[in-house]
Each structure stands twice: as structure tokens, then as C-alpha cells.
Amino acid sequence: MDHKKVRVRFAPSPTGGLHLGGVRTVLFNYLFAKQHKGDFVLRIEDTDQTRYVPGAEEYINECLRWCGLTPDESPEVGGPFGPYRQSERKPLYRQYAEQLVKAGHAYYAFDTPEELESMRERLKTPENPSPQYNHVVRAKMRNSLTLSDAEVQDLLAKNTPHVIRISMPANEDITFTDLVRGEVTFHTSQVDDKVLLKADGMPTYHLAVVVDDYLMKITHAFRGEEWLPSAPVHLLLWKFLGWEADMPQWAHLPLILKPDGNGKLSKRDGDRLGFPVYAMNWRDPASGDITKGFRERGFLPEAFINMLAMLGWNDGTEQEIFSLEELISKFSLERVHKAGAKFDFEKAKWFNHQYIHHKDNESLAALFQPVLDEKGVTAAPDYVATVAGLVKERCYFVNEIWDHGFFFFQSPDTYDEAAVKPKWNADKDAFFQVWSAQLESLSAAPAADLEAAFKALAAEKNLKMGDVQLPFRIMLTGGKFGPPVFDIVATLGVAETRNRIAKGLAAFQ
RNA sequence: GCCGCGUUGGUCAAGGGGUUAAGACGCCUCCCUUUCACGGAGGAGUCACGGGUUCGAUUCCCGUACGUGGUACCA
């Protein structure tokens with residue numbers, strides 16, 4: 001049964017930003033597919049025409065590209081099982097719905113939205129706040145089960161708006177094995193007669209997911225846990241359509257929860273708590289509002305992916321940092337956690353910090369360049385790389401290279417005078433005069449030599465290192481921060497250093 | 001309400017009939033560094049509750065509580 005080539009799919013509906021939970025679903029799909037030398041397909045589930053959002057599909061493509069999780073088949077790149085947009089597959093679905101009607105597993109329903117509304121209103125009780133269109137209710141509604149054949153034919157002939165609903169068995173247990181949860185059982189009396197084909201001729205998710213997974217030869221279906229309750233509908237559909245032998249194995253992934261309890265992590269929580277939820281910036285075309293993404297926040301895609309992988313999965317060892325290649329070889333569904341995980345932005349930051357810390361200086365410099373451009377600063381790439389190397393260990397985000405190293409690009413305008421002035425005196429002033437002069441002969445000297453010379457001079461003038469090193473740092477940077485002082489000198493160069501000494505001396509008077 | 005799923009420190013989590021119940025993030029202390037950070041050494045902090053089963057349950061079973069998801073012509 002495992003001779004089939006592994007094929008998985010990610011099937012988002014293009015309605016807005018791509019949630020990090022969605023990216024994690026992509027990740028697990030991708031890892032599983034690549035590990036088994038299988039195919040990863042992207043299918044766009046745009047069956048709800050009322051929720052169409054322009055640009056959302058391109059945005060999803062771009063997110064996947066940024067993450068490095070690109071599909072083997074998609075609307076964009078095509079493939080042998082296209083089209084990959086459900087709206088373009090519309091003519092396909094009706095025949096399967098009709099097939100189900102003929103077999104007695106589905107029926108036409110002519111109830112208008114108003115009639116449905118009033119049914120729910122009428123049947124609503126405190127004990128049953130959400131009445132379902134189920135095997136008992138359907139006997140009282142306007143459908144091909146309650147109407148005569150002649151009436152049904154007449155309504156159909158007149159193009160009366162109607163949907164096709166699945167006919168759920170009244171009293172059956174539906175059991176299946178979920179790859180992450182094990183055996184799961186539902187009772188058919190608890191699930192209603194879901195609409196399969198809408199009045200506009202589009203399938204609902206329920207029909208489309210089954211038909212397309214079948215047609216696209218999907219072998220493993222991963223999706224969020226929120227789909228678990230409707231799994232019995234899908235299982236039955238596979239059976240009723242006669243495709244049981246080809247049904248994919250299911251895996252319902254745990255949800256990503258908000259940090260402060262109470263529910264799935266949503267875009268709003270990110271806004272409220274000050275962290276991104278979407279992979280990349282999303283601009284709502286209707287309102288023009290921009291929701292910040294992990295990419296723009298300064299996350300490295302490797303870090304983002306690594307962080308997501310560890311949210312609900314681990315390899316059983318103490319390792320936490322994994323490359324994509326490692327994840328591909330080590331991933332296993334058996335080790336996916338069953339419970340939802342609260343998202344911890346601090347831990348996410350730590351992952352990014354790790355990746356920035358270990359990234360090569362040149363790549364970091366390239367990533368940082370846009371920030372420099374924005375600041376209107378021009379600097380040679382190798383200089384930027386040197387700076388990046390000097391400050392990266394204290395950066396959680398790429399743009400923080402500026403916060404920790406701005407003084408490499410501009411002379412400080414203000415000084416932490418409180419740290420210098422109280423203990424400032426003529427001896428120190430004199431020391432720096434001499435030091436500045438001495439520096440002239442030290443151009444191109446490495447940091448260690450500069451430090452040795454500085455120390456020697458301090459000793460000669462009977463000054464303690466601590467008394468002069470901090471003022472020196474402040475002349476260079478403006479404050480009590482930055483990498484080791486002599487690394488700063490070596491990077492800035494002697495000429496600029498002497499300028500800053502002169503400027504500092506004037507300010508410290 | 002009903003149905004499903006879940007429950008190891010504040011968070012991510014390993015483990016799984018007998019352990020001093022790993023590790024990471026965060027927090028605290030100390031060392032290194034006369035800045036900060038990195039690095040290093042420590043510390044506080046956990047098996048939701050109640051019944052079973054068992055010589056022995058955090059681990060297995062059953063309840064309860066709590067959390068979470070679903071309950072649309074949305075996905």
C-alpha cells in the first residue's frame with residue numbers, strides 16, 4: 001500500500017495574510033514530501049466567490065518562496081494534475097455531486113437562506129443553541145427527500161436555486177486512524193447534512209477537498225486540527241464515491257494558540273501583543289491596512305522555519321537548531337505533539353538571534369543594506385560586513401544592526417556626559433591629546449596593538465585603564481555600549497578616531 | 001448545549017509503571033568583560049484533580065475539572 005508515490009498538498013483559501021500556523025502546515029507537508037521523495041502541491045481553494053481577495057494568491061506564492069518551501073505543482077508553475085485553482089475546476093464537481101444523489105447518498109435541497117434561518121430560529125433552545133440540518137430535520141425541509149419526484153423535476157427544470165447536501169447516515173460510528181492522534185471515532189448522528197454543492201454551482205470545501213485529493217492522487221492529507229470534526233464527512237464521501245482504496249492518510253496538526261490563553265492565535269493577537277502573526281506584510285486591499293509580517297520584522301527565513309518546526313515537533317534529543325535539510329531527514333509524524341502550543345514570541349526571537357549570530361557577515365550586510373539605504377547612509381559593502389560581524393551577537397533582528405552600530409556610520413551628536421564629566425580632569429584631557437597624536441603613527445594597526453599602545457600610555461601617565469577606556473568609548477560611540485573599543489578604532493580608522501577624540505574632548509570640557 | 005481533541009515548570013517540551021522527572025526560552029545570582037553582548041557556572045519553578053489496577057503510579061483504566069476546536073450555501 002506504500003508503493004504509491006507520496007503526494008501531499010497545502011490548500012489555502014486566498015483570503016488574506018498567511019498565518020504562521022498555515023506556514024507550519026506547509027512546513028510539515030513539505031518535510032514529509034521531501035523525506036519520501038514525493039511531491040508537494042499547492043492548491044488554491046477559492047470556492048467562496050464572496051471572499052475573493054485580489055493579490056492574496058500572489059502573496060501566498062511569495063511567502064512560500066521566502067520560506068524556501070516552494071511547491072512542485074501549483075497554479076503558478078503548473079503540473080500534470082491542473083488546474084490547481086478550484087474556481088477553474090468548477091465544471092468538474094457537479095458530476096460527482098449528482099453521482100451521489102443518484103446513489104442515494106445526497107439530495108437536492110431547495111431551502112432558501114431565509115428558510116434555513118427560520119428553521120434554526122424555531123428549533124433553537126437553550127439545550128441546543130445550534131440546530132443542525134440533520135437526518136430528522138431534513139424530513140421537514142424542502143428537499144428531494146420530502147418533495148415528490150415531479151415537484152423536484154419541475155423545480156430543477158425551472159432552474160430553482162438549490163444545493164446538494166450529503167445524506168448522513170442516522171446511526172453509524174465512523175472510525176479512522178489519524179497519523180498524529182491515533183484512532184478517532186465520530187457518531188454520524190452528531191454531524192449534519194453538509195452542503196456539498198452550493199447554489200452558485202461551486203463545491204464547498206467538503207466536496208472539493210475529496211474530489212481534488214482523489215484527482216490529484218494525494219496520499220497524505222495534513223491540515224489543522226480545526227478540521228477534525230468534519231473528517232467523518234470526508235471519510236464518508238471517499239466511501240460513497242467509491243474511492244475508499246485511494247483515500248489519503250489523515251493527519252490533523254495541533255493548533256497554535258495565543259500566548260495568554262483562550263483560543264487560536266489570530267492576527268488581532270499579534271497587533272495586541274506586538275508581534276507578527278503573518279509570514280510577510282499583508283496589505284488589505286479594501287482598507288489599505290498593513291499587517292506586519294515576520295519577514296519585515298527582521299526574521300531570517302531559516303530561523304522562522306526552525307522556530308515553527310519546534311512548535312509541536314522535536315526529534316527526541318536536545319537539539320533545537322536544525323537546517324531545512326536536517327528537518328527533512330529527521331521529521332516524523334509520530335513525534336508531532338497532540339496538544340496545541342501557545343506561541344512564545346520571546347522564544348521566536350531567540351531562534352532568530354541564534355541564526356543572526358551564526359550567519360556570515362557578508363550575507364548579514366546584504367540583508368542590512370536596505371536599512372542603510374533608508375537612513376541615507378552610504379558605506380562600502382566590506383565595511384558594512386565588518387560592522388555586522390562586530391555587532392551581530394547582540395542583535396535579535398537584522399535592523400538592530402543599526403541600533404547597535406549606528407556610530408560606525410555617523411559620529412555621535414550627543415554623549416553620555418553623566419558617565420564622564422564628574423570624573424573628568426586635566427590629566428585625562430592631556431592623556432587623550434597625547435593618545436590622539438600617537439594614533440597617527442598607528443594607522444592600520446590591529447585592535448590588539450592599539451590596545452597595547454593605549455595601555456602602555458595609560459600606565460606611563462599613571463592612569464588606570466578603567467578611567468580612560470570608558471571616556472574613550474563614549475567619544476567614539478556616544479555612550480556605554482558597542483563592541484570592544486579597539487575593534488571600533490580598528491574599524492573606524494585612525495583619522496576618524498582622532499576626529500572623534502577632538503570632538504569629544506571639546507564636549508567634555 | 002452537544003460532539004471531538006487535548007492536559008509534564010510562566011512558555012516550548014523529553015520521558016513513560018520504580019528516575020535526583022532531561023533540555024531550551026524567560027527570570028534571578030555569580031564568573032568572564034573596567035560598556036553591553038557572547039560565553040561559562042549555579043538557582044527558583046512542573047507531572048490538573050478524584051477514584052481504581054498494581055508491591056509501586058507522572059506514566060495504564062475510569063470519572064471530574066479545565067483548556068481548545070467544531071457545530072455556515074467559510075475555509
Side-chain angles (χ1 to χ4, degrees), chain A residues 11-15 45-48 50-51 86 109 111-113 116-117 120 124-134 161-165 178 180-182 184-187 189-192 194-206 208-209 223-232 252 254-255 257 259-264 307 310-321 335 337-351 353 357 390-395 404 416 419 464-470 472-474 477 479-485:
Chain A
S13 63
T15 51
E45 308 233 345
D46 55 351
T47 54
D48 187 352
T50 65
R51 294 213 302 167
Q86 288 180 331
D111 316 282
T112 64
L116 289 173
E117 169 93 11
R120 292 196 177 100
K124 196 155 126 187
T125 61
E127 296 73 41
N128 182 14
S130 358
Q132 297 189 309
Y133 199 120
N134 60 18
H162 64 280
V163 302
I164 293 180
R165 287 179 181 271
D178 184 277
V180 348
R181 273 147 229 287
V184 181
T185 302
F186 291 88
H187 196 79
S189 66
Q190 297 302 325
V191 359
D192 62 351
K194 293 286 181 214
V195 168
L196 265 21
L197 199 74
K198 299 187 262 191
D200 65 3
M202 276 288 196
T204 59
Y205 172 80
H206 305 295
V209 73
R223 63 197 343 181
E225 193 189 342
E226 70 266 30
W227 289 108
L228 200 47
S230 55
H252 291 89
L255 266 14
L257 278 10
D260 46 358
N262 291 284
K264 286 194 284 187
M307 177 274 290
M310 300 312 286
L311 218 49
W313 177 85
N314 70 80
D315 77 338
T317 72
E318 289 178 10
Q319 185 176 350
E320 289 195 278
I321 302 296
R335 295 201 61 88
H337 221 247
K338 291 180 180 62
K342 288 184 183 172
F343 180 65
D344 180 6
F345 190 57
E346 290 305 317
K347 187 73 185 250
K349 280 165 64 179
W350 176 81
F351 275 105
H353 183 236
H357 192 1
L390 250 21
V391 303
K392 64 182 179 182
E393 69 192 32
R394 64 205 78 197
C395 295
H404 293 288
D416 182 353
K464 282 184 285 187
M465 266 302 265
D467 290 338
V468 283
Q469 194 174 118
L470 188 64
F472 189 30
R473 165 181 297 283
I474 293 173
T477 70
K480 291 188 281 188
F481 44 71
V485 208

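Throughout, protein chains are lettered first and strands after them, A, B, ... in sequence-line order, and every chain is numbered starting at 1.
Comparing the P positions of B/C31 and B/G18 gives an interatomic distance of 41 Å, to the nearest angstrom. Using C1' as the reference atom, B/C62 and B/A75 are 37 Å apart when rounded to the nearest Å. For the P atom pair drawn from B/G69 and B/U29, the interatomic distance equals 38 Å after rounding to whole Å. Distance check on atom P: B/A24 versus B/A41 gives 10 Å, rounded to whole Å. To the nearest whole angstrom, the two C1' atoms, one in B/A22 and one in B/U34, are 39 Å apart. Rounded to whole Å, the separation between the C1' atoms of B/C12 and B/U7 comes to 15 Å. Comparing the C1' positions of B/C49 and B/A65 gives an interatomic distance of 7 Å, to the nearest angstrom. Rounded to whole Å, the separation between the C1' atoms of B/A13 and B/G51 comes to 29 Å.
Taking atom CD of residue A/Glu320 and atom P of nucleotide B/A14, one finds them 12 Å apart after rounding to whole Å. Atom CZ of A/Arg473 and atom P of B/A37 are 12 Å apart (whole Å). Distance, A/His357 NE2 to B/A37 P: 13 Å, rounded to whole Å. Rounded to a whole Å, the CZ atom of A/Arg223 is 13 Å from the P atom of B/G70. Rounded to whole Å, the distance from NZ on A/Lys194 to P on B/G70 is 11 Å. Put simply, CD on A/Glu318 is 11 Å from P on B/C25, counting in whole angstrom units. Going from atom CG of A/Asp344 over to atom C1' of B/C27 covers 12 Å, rounded to whole Å. Across the protein-nucleic acid pair, A/Met307 atom CE and B/U11 atom C1' stand 13 Å apart, rounded to whole Å.
Residue A/Phe186 is in sugar-phosphate contact alone, with no base atom involved, counting any heavy-atom pair closer than 4.0 Å across all strands shown. At a threshold of 4.0 angstrom between heavy atoms, the contacts of A/Met465 include nucleobase atoms, whether or not backbone atoms are also involved. Counting any heavy atom pair closer than 4.0 Å across all strands shown, A/Leu255 reaches sugar-phosphate atoms only and no base atom. Residue contacts shown for A/Pro259 are absent, as no nucleic acid heavy atom lies under 4.0 Å away. Residue contacts shown for A/Asp467 are absent, as no nucleic acid heavy atom lies under 4.0 Å away. Within 4.0 Å of A/Gly224, counting heavy atoms only, lies no atom of the nucleic acid at all. Heavy atoms of A/Thr125 sit nowhere under 4.0 angstrom from any nucleic acid atom. Residue A/Pro129 is in base contact, counting any heavy-atom pair closer than 4.0 Å across all strands shown. Residue A/Thr185 is classed as a sugar-phosphate contact, given heavy-atom separations below 4.0 Å to backbone atoms only. At a threshold of 4.0 angstrom between heavy atoms, the contacts of A/Ala341 are confined to the sugar-phosphate backbone, with no base atom among them. Residue A/Gly312 is in sugar-phosphate contact alone, with no base atom involved, counting any heavy-atom pair closer than 4.0 Å across all strands shown.
Between A/Thr204 and A/Lys194 there is no side-chain heavy-atom pair separated by less than 4.5 Å. Between A/Val391 and A/Pro483, some side-chain heavy-atom pair lies under the 4.5 Å cut-off. Looking at heavy atoms from C-beta onward, A/Asn314 lies in side-chain contact with A/Arg335 at the 4.5 angstrom threshold. Side chains of A/Glu225 and A/Arg181 form a contact here, defined as non-hydrogen atoms less than 4.5 Å apart. Side-chain contact between A/Val209 and A/Tyr205: present, with at least one pair of heavy atoms (C-beta onward) separated by less than 4.5 Å.
In this structure, the nucleotide among B/C74, B/G69, B/U71 sitting nearest to the side chain of A/Gln132 is B/U71. Of the candidates B/C73, B/A75, B/G70, the closest approach to any side-chain atom of A/Lys264 belongs to B/G70. Taking every side-chain heavy atom of A/Pro113 into account, B/C73 is the closest of B/C73, B/C5, B/G69. For A/Lys480, taking side-chain heavy atoms from C-beta onward, the closest of the listed nucleotides B/A75, B/A13, B/U35 is B/U35. Here the side chain of A/Glu393 is nearest to one of B/A75, B/A37, B/C73, namely B/A37. Comparing atom distances between the A/Arg335 side chain and each of B/C74, B/G15, B/A13 picks out B/G15 as nearest. Of the candidates B/U7, B/A75, B/G4, the closest approach to any side-chain atom of A/Glu225 belongs to B/G4. The side chain of A/Leu228 has B/G4 as its nearest neighbour among B/C73, B/G4, B/A75. For A/Arg181, whose side chain is taken as the heavy atoms from C-beta onward, the closest listed nucleotide among B/A14, B/C5, B/C73 is B/C5. Relative to the side chain of A/Glu346, the nucleotides B/C25, B/G4, B/U35 differ in distance, and B/C25 lies closest.
Applying the Watson-Crick and G-U wobble criteria (two distances, each under 3.5 Å), B/G69 pairs with B/C3. B/U64: Watson-Crick or G-U partner is B/A48, with both key distances under 3.5 Å. Figure legend. B/G42 is base-paired to B/C28; pairs are counted as Watson-Crick or G-U wobble with both atom distances under 3.5 Å. In this structure B/U53 sits in no base pair that meets the Watson-Crick or G-U test at under 3.5 Å. When both distances must be under 3.5 Å, the Watson-Crick or G-U wobble mate of B/U19 does not exist.
Phosphate contact (OP1/OP2 of B/A75, side-chain N/O of A/Arg51, threshold under 4.0 Å): absent. Between A/His337 and B/A14 there is a side-chain polar atom (N or O) within less than 4.0 angstrom of OP1 or OP2. At the phosphate of B/G70, neither OP1 nor OP2 sits under 4.0 Å from any side-chain N or O atom of A/Ser130. Contact annotation: A/Lys338 side-chain N/O to B/G69 OP1/OP2 distance is not under 4.0 Å. Of the side-chain N and O atoms in A/Lys198, none sit less than 4.0 angstrom from OP1 or OP2 of B/A72. When the side-chain nitrogen and oxygen atoms of A/Asn128 are compared with OP1 and OP2 of B/G1, none of them lie within a distance under 4.0 Å. For the OP1/OP2 pair of B/A72 and a distance below 4.0 Å, the side-chain nitrogens and oxygens of A/Arg165 include no atom meeting the criterion.
In this pair, A/Trp227 and A/His206 present their aromatic rings perpendicular. The plane angle is above 60°, beyond the 30 to 60° band.
A donor-acceptor contact shorter than 3.5 Å links the side chain of A/Arg473 to the backbone of A/Phe481. Of the possible polar contacts, none joining the A/Asp111 side chain to the A/Leu116 backbone as a donor-acceptor pair under 3.5 Å is found.
Between A/Trp313 and A/Lys464, the one whose closest nucleotide on RNA chain B sits nearer the 5' end is A/Trp313. Between A/Leu311 and A/Pro483, the residue whose closest nucleotide on RNA chain B is further toward the 5' end is A/Leu311.
The number of heavy-atom neighbours closer than 6.0 Å to CD of A/Glu117, taken from other residues, nucleotides and ligands shown, is 12 or below.
One distance of note links CZ of A/Phe351 with CG of A/Asp344; it measures 10.0 Å at 0.5 Å rounding.
At a cut-off of 3.5 angstrom, the base of B/A24 holds at least one donor-acceptor pair with the side chain of A/Lys347.
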